[in-house]
Enquirer: 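Here you go, one structure.
As a basis for the values below, the full set of heavy atoms in this structure was taken, side chains included, without hydrogen atoms, waters or symmetry mates. By convention in this document, chain letters (A, B, ...) are assigned in the order of the sequence lines, proteins followed by strands, and residues within each chain are numbered from 1.
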Amino acid sequence: MQRWSKLFIPTLREAPADAEVASHRFLVRSGYIRQLGAGIYSYLFLGQRSLNKIIGIVREEMDRIGQEFYLPALLPKEPWEQSGRWTGMGDNMFRLKDRKGADLCLGMTHEEIMTTIARGELRSYKQLPQIWYQIQSKFRDEPRPKSGLLRVRQFTMKDSYSFDIDKAGLDKSFDLHDAVYRRIFTRCGLKFVAVEADSGAMGGSQSQEFMVYTDAGEDLIASCPVCSYAANLEKATSLLEPVAEMEPTGDGKPELVSTPGCGAISDVAAFFKISPASDIKCVAYMALKRRTVGKPDTWHGVAAFLRGDHQVNETKLLGTVGAAELRTMQAEELERYFNGPAGFLGPVGLNPDAKPLEEGLTVVVDKSLDDRRNLVAGANKLDYHLRNVTPGRDFSWTLLAEIRSVNEGEGCPKDGCKGKLVVGKAVEVGHIFKLGYKYSESMGARVLDPNGKEVTPIMGSYGIGIERILTAAVEQSNDKNGFWLPASIAPFTVVVTITNMTDALLRETGEKLAAELEAAGLDVLLDDRDERAGVKFKDADLVGIPYRINVGKKAAEGKVELVTRATSTSVDVALSDVLALVKERVEEDALLLTVGE
RNA sequence: CGGGGCGUGGCGCAGCCUGGUAGCGCAUCUGCUUUGGGAGCAGAGGGUCGGAGGUUCGAAUCCUCUCGCCCCGACCA
């Protein structure tokens with residue numbers, strides 16, 4: 001049993017002024033964490049205790065399907081050069097040199113290291129499948145650490161890697177992780193949703209994120225309230241309402257119209273008395289093409305055309321053209337590629353490259369424009385637009401693809417579903433995806449198949465942000481007085497509050513009760529501080545412990561008070577019954593957090 | 001990297017514009033009282049005003065440089 005009077009639990013009445021999100025404020029106020037630098041935090045007693053419980057759950061569940069390793073965080077350059085990520089990771093990687101001048105980095109993820117081990121040791125299909133995992137610190141030089149523990153430069157990640165002989169094996173490893181992740185987040189009391197995600201620069205195919213809805217989150221999720229569809233906005237798609245077709249004017253061919261000062265979509269729509277959906281918007285980018293070893297990276301012009309009322313989704317555009325980075329074009333680049341100024345750019349008269357990111361201009365047209373006719377577009381000439389512009393007839397493109405972001409209220413893309421999508425903010429707590437052959441191929445991992453033929457194992461990669469589980473739990477369960485955690489991840493299950501330490505009866509009753517609870521297997525914190533009752537109540541409400549037993553005035557009648565933090569409700573209980581009641585409550589809670597075998 | 005803001009005792013802040021004894025609340029320590037929702041009274045300790053340089057008789061305050069932190073954007077397996 002732990003005694004509050006002997007512990008270091010530095011609670012604060014006020015939060016640091018720069019703490020914005022609830023989890024940051026409360027984790028600091030409750031003495032869970034202290035900041036050391038931008039995106040660098042120390043975990044104090046309560047914080048570490050809670051994180052240890054989370055890690056315990058993760059480990060227990062992961063042991064069902066995988067084997068735990070412990071890998072170095074200090075990594076030599078070579079494996080990263082072999083995979084192409086020494087340059088590919090860019091500035092997000094912490095790099096350093098040793099005394100001999102050799103390049104090292106701090107691990108931000110461990111695909112290369114696991115693959116190095118696999119390459120050196122795995123020889124036969126008989127050794128597959130393998131699932132290897134680790135729970136360790138990761139380092140990322142984030143451009144902007146923020147929101148307390150939500151985006152930091154050092155954090156704890158459970159990451160696992162699967163090696164399979166074929167795609168069917170990978171599917172199985174993926175599904176095993178999916179199931180185990182659902183168990184983990186459920187046991188941690190998170191209200192999560194699994195969404196389709198972009199696989200990003202990691203390469204690979206199927207990709208799924210586990211998200212917890214909260215306004216503190218940095219991701220946007222589109223989901224359907226009717227069916228099960230949910231996707232990260234980087235990936236989400238939707239059904240659009242048909243737009244009324246416009247009648248051609250004159251001979252129906254593109255016609256130059258003077259539109260002085262109409263540089264914005266809203267101006268153009270007003271000028272032509274049309275919906276912005278019938279205006280073609282152009283966003284011009286320079287895209288970075290990453291070359292393989294030895295060759296310099298190169299920038300290429302990309303013109304993105306879409307409906308005037310839509311927004312470019314840069315993640316989709318990156319994936320579509322196969323670029324590593326995007327930036328918007330400068331005025332002189334607009335002149336070079338379009339021979340026209342911003343605000344009046346259009347697709348007619350351009351000469352699109354046959355393949356993306358070649359010498360000329362890559363033209364990408366959003367699918368929503370494909371079947372439209374008689375639209376309005378910029379004329380690549382100051383103060384002029386064209387009308388009667390029909391895609392395919394009047395201009396061509398390098399690629400036709402979905403490059404727009406979906407908006408709330410658009411139709412659910414699932415067949416036959418009539419739902420309207422809603423968009424909400426969420427924080428990512430886990431991510432599983434199928435890597436494919438990217439690392440095993442580039443790093444030369446090979447095994448012999450049953451026919452004695454050399455084959456490349458196929459890989460998957462699966463991550464969980466340990467601190468983010470805590471953060472998300474705090475975000476989803478807090479009020480003005482503090483937060484509460486489920487017993488499974490709370491630093492203590494119950495705090496026994498002796499309301500007046502000067503009263504010998506209360507002291508003895510509290511001590512005895514705490515010892516009993518402890519003996520029954522509960523995680524007990526005894527608040528034996530020589531403080532006024534009010535102080536103890538305020539602290540108890542703050543620090544995330546789900547149950548509190550007040551030992552106070554009614555102790556003389558053999559009664560104590562059981563307070564449930566989540567509901568702020570209390571009941572008087574006979575001293576002899578309180579142990580059974582607390583156990584019952586905790587078991588009921590735990591039942592809600594179980595998943596079928 | 002672009003834009004904005006802030007660095008004054010452990011936390012939250014005032015003072016800076018208009019240069020002249022470094023202040024307030026909370027916290028801490030001691031004593032007495034108090035004891036069911038962050039107590040009262042009395043006393044005490046604690047600050048190179050982020051750092052460096054400059055202007056000045058004199059700088060927390062004005063100027064220059066620099067470091068750090070936060071927010072918005074960009075970015076983000």
Side-chain angles (χ1 to χ4, degrees), chain A residues 10-21 24-25 28-29 31 34-40 80 83 85 88-93 107-112 138-148 150-153 155 157 159-161 197-204 207 209 218-219 232 234 285 288 314-315 318 324-328 427-428 430-435 438-439 459-465 480-482 497-503 506-507 527 529-542 548 550-555 560-561 563 568 570 572:
Chain A
T11 59
L12 299 174
R13 193 182 296 217
E14 291 173 283
D18 51 27
E20 299 270 320
V21 301
H24 186 196
R25 286 199 309 273
V28 172
R29 280 192 58 201
R34 286 294 184 265
Q35 183 175 14
L36 188 61
I40 308 176
W80 297 88
S83 73
R85 289 207 296 182
M89 278 299 191
D91 293 334
N92 253 24
M93 180 185 264
M108 50 198 301
T109 174
H110 280 74
E111 280 81 5
E112 279 81 355
K138 304 282 163 166
F139 301 86
R140 292 184 192 179
D141 194 359
E142 291 288 344
R144 187 149 96 81
K146 57 182 283 201
S147 305
L150 271 182
R151 181 162 291 281
V152 290
R153 295 195 290 177
F155 59 99
M157 179 157 87
D159 50 330
S160 43
Y161 304 89
D198 180 64
S199 32
M202 294 290 300
S207 172
E209 289 169 336
E218 299 180 293
D219 284 285
N232 194 306
E234 295 176 345
Y285 292 96
L288 184 70
E314 295 190 0
T315 304
L318 276 174
E325 281 180 39
L326 289 177
R327 64 168 176 79
T328 48
V427 60
E428 177 186 353
H431 195 169
I432 59 179
F433 63 101
K434 298 179 180 174
L435 280 178
K438 180 175 161 112
Y439 299 91
M459 293 175 61
S461 166
Y462 318 87
I464 288 179
K480 66 183 193 328
N481 295 318
T497 303
I498 299 173
T499 57
N500 186 347
M501 287 298 288
T502 62
D503 186 325
L506 302 192
R507 278 203 314 269
D527 192 349
R529 292 175 298 167
D530 189 14
E531 288 285 355
R532 298 165 64 85
V535 173
K536 297 186 174 192
F537 295 160
K538 287 287 186 192
D539 273 345
D541 284 348
L542 179 61
R548 178 171 97 223
N550 291 332
V551 180
K553 291 170 189 161
K554 290 168 223 148
V560 292
E561 196 175 26
V563 183
S568 299
S570 66
D572 289 341

Enquirer: Could you give the CD-to-P distance, from A/Glu531 to B/U28, as a whole number of Å?
Expert: 7 Å

Enquirer: When we call it a touch if two heavy atoms are under 4.0 Å apart, what does A/Glu112 touch: a base, just sugar-phosphate, or nothing?
Expert: nothing

Enquirer: Under 4.5 Å between any side-chain heavy atoms of A/Lys538 and A/Thr11, yes or no?
Expert: no

Enquirer: Of all the heavy-atom pairs spanning A/Ser461 and A/Tyr161, show the shortest one and how long it is.
Expert: OG-CE2, 3.8 Å

Enquirer: Considering heavy-atom distances to RNA chain B, does A/Asp159 or A/Arg153 have its closest nucleotide positioned more toward the 5' end?
Expert: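 By nearest-heavy-atom nucleotide position, the 5'-most residue is A/Arg153.
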
Enquirer: Using atom C1' in both nucleotides, what's the gap between B/A22 and B/C75 to the nearest angstrom?
Expert: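 To the nearest whole Å, 43 Å.
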
Enquirer: So what does A/Asn550 touch, heavy atoms closer than 4.0 Å: a base, only the sugar-phosphate, or nothing?
Expert: base

Enquirer: Below 4.0 angstrom from OP1 or OP2 of B/A39, is there any side-chain N or O of A/Arg532?
Expert: yes

Enquirer: What distance, rounded to whole Å, do you find between the two P atoms, one in B/G38 and one in B/A27?
Expert: 12 Å

Enquirer: Do the non-hydrogen side-chain atoms of A/Ser147 and A/Val152 ever get within less than 4.5 Å of each other?
Expert: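 Not touching, per the 4.5 Å side-chain cut-off.
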
Enquirer: When you compare B/G9 with B/U56, how far apart are their P atoms, in angstrom units rounded to a whole number?
Expert: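 After rounding to an integer number of Å, I get 30 Å for this pair.
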
Enquirer: Taking B/G12 as the reference, what is the distance to B/U8 when you measure between their C1' atoms (whole Å, please)?
Expert: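 Here B/U8 and B/G12 have their C1' atoms 12 Å from each other.
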
Enquirer: For a quick test of reading the model: is some side-chain N or O of A/Arg144 closer than 4.0 Å to OP1 or OP2 of B/C71?
Expert: yes

Enquirer: Measuring only the C1' atom in each nucleotide, how far is B/C13 from B/G20? A whole number of Å is fine.
Expert: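 Result for the C1' pair: 24 Å, nearest Å.
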
Enquirer: Taking atom C1' in both B/A52 and B/C11, what distance in whole Å separates the two?
Expert: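 The answer is 28 Å between these two C1' atoms.
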
Enquirer: Go through the structure and list residues passing salt bridge (Lys or Arg N to Asp or Glu O under 4.0 Å) with A/Arg153, not counting sequence neighbours.
Expert: A/Asp141

Enquirer: Could you give the CG-to-C1' distance, from A/Asp539 to B/C26, as a whole number of Å?
Expert: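 Nearest whole value for this atom pair: 14 Å.
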
Enquirer: Under 4.0 Å, counting only non-hydrogen atoms across every strand here, what does A/Met108 touch: a base, just sugar-phosphate, or nothing?
Expert: base

Enquirer: Check the pair A/His24, A/Lys146 against side-chain hydrogen bond (donor to acceptor under 3.5 Å, both in side chains), reporting the backbone distance first and the verdict last.
Expert: CA-CA 10 Å; A/His24 186 196; A/Lys146 57 182 283 201; over 6 Å; no

Enquirer: State which residues pass salt bridge (Lys or Arg N to Asp or Glu O under 4.0 Å) with A/Glu142; sequence neighbours excluded, sorted by chain then number.
Expert: A/Arg151

Enquirer: Does A/Phe139 reach the side chain of A/Ile40, with side-chain heavy atoms less than 4.5 Å apart?
Expert: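 Side chain of A/Phe139 against side chain of A/Ile40, heavy atoms only: no contact under 4.5 Å found.
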
Enquirer: For atom P, what is the distance between B/U48 and B/A60, given to the nearest Å?
Expert: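 12 Å, rounded to whole Å.
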
Enquirer: Expressed as a whole number of Å, how far does the C1' atom of B/G50 sit from that of B/G7?
Expert: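 Pairwise C1' distance, B/G50 against B/G7, rounds to 6 Å.
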
Enquirer: Mind checking A/Arg34 for me? I need base, sugar-phosphate or nothing, with any heavy atom below 4.0 Å counting as a touch.
Expert: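 Nothing, no nucleic acid heavy atom in range.
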
Enquirer: Give one of base, sugar-phosphate or nothing for A/Ser568, where a contact means two heavy atoms less than 4.0 Å apart.
Expert: nothing

Enquirer: Just the atom pairs and distances: protein N or O near nucleotides 11-16 of chain B's N or O, under 3.5 Å.
Expert:
from	atom 1	to	atom 2	distance (Å)
B/G12	OP1	A/Ala17	N	3.0
B/G12	O2'	A/Glu14	OE2	3.3

Enquirer: Considering only heavy atoms and no angle criterion, is a donor-acceptor pair shorter than 3.5 Å present between the side chain of A/Arg529 and the base of B/G38?
Expert: no

Enquirer: Is there a Watson-Crick or G-U wobble partner for B/C69 with both distances under 3.5 Å, and which nucleotide is it?
Expert: B/G5

Enquirer: Mind checking A/Gln35 for me? I need base, sugar-phosphate or nothing, with any heavy atom below 4.0 Å counting as a touch.
Expert: sugar-phosphate

Enquirer: When both hydrogen-bonding distances must be under 3.5 Å and the geometry is Watson-Crick or G-U wobble, what is B/C32 paired with, if anything?
Expert: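 B/C32 is paired with B/G40.
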
Enquirer: If every non-hydrogen atom of A/Leu150 is compared with every non-hydrogen atom of A/Val427, which pair is closest and at what distance?
Expert: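 Shortest heavy-atom contact: CD2-CG2, 3.4 Å.
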
Enquirer: If the cut-off is 4.0 Å, is A/Lys146 near the phosphate of B/C72, judged by side-chain N/O to OP1 or OP2?
Expert: yes

Enquirer: Taking the nucleotide of RNA chain B with the nearest heavy atom to each, does A/Gly37 or A/Thr502 sit closer to the 5' end?
Expert: A/Thr502

Enquirer: Step by step, would you call A/Arg85 with A/Glu111 a salt bridge (Lys or Arg N to Asp or Glu O under 4.0 Å)?
Expert: CA-CA 10 Å; A/Arg85 289 207 296 182; A/Glu111 280 81 5; 2.9 Å; yes

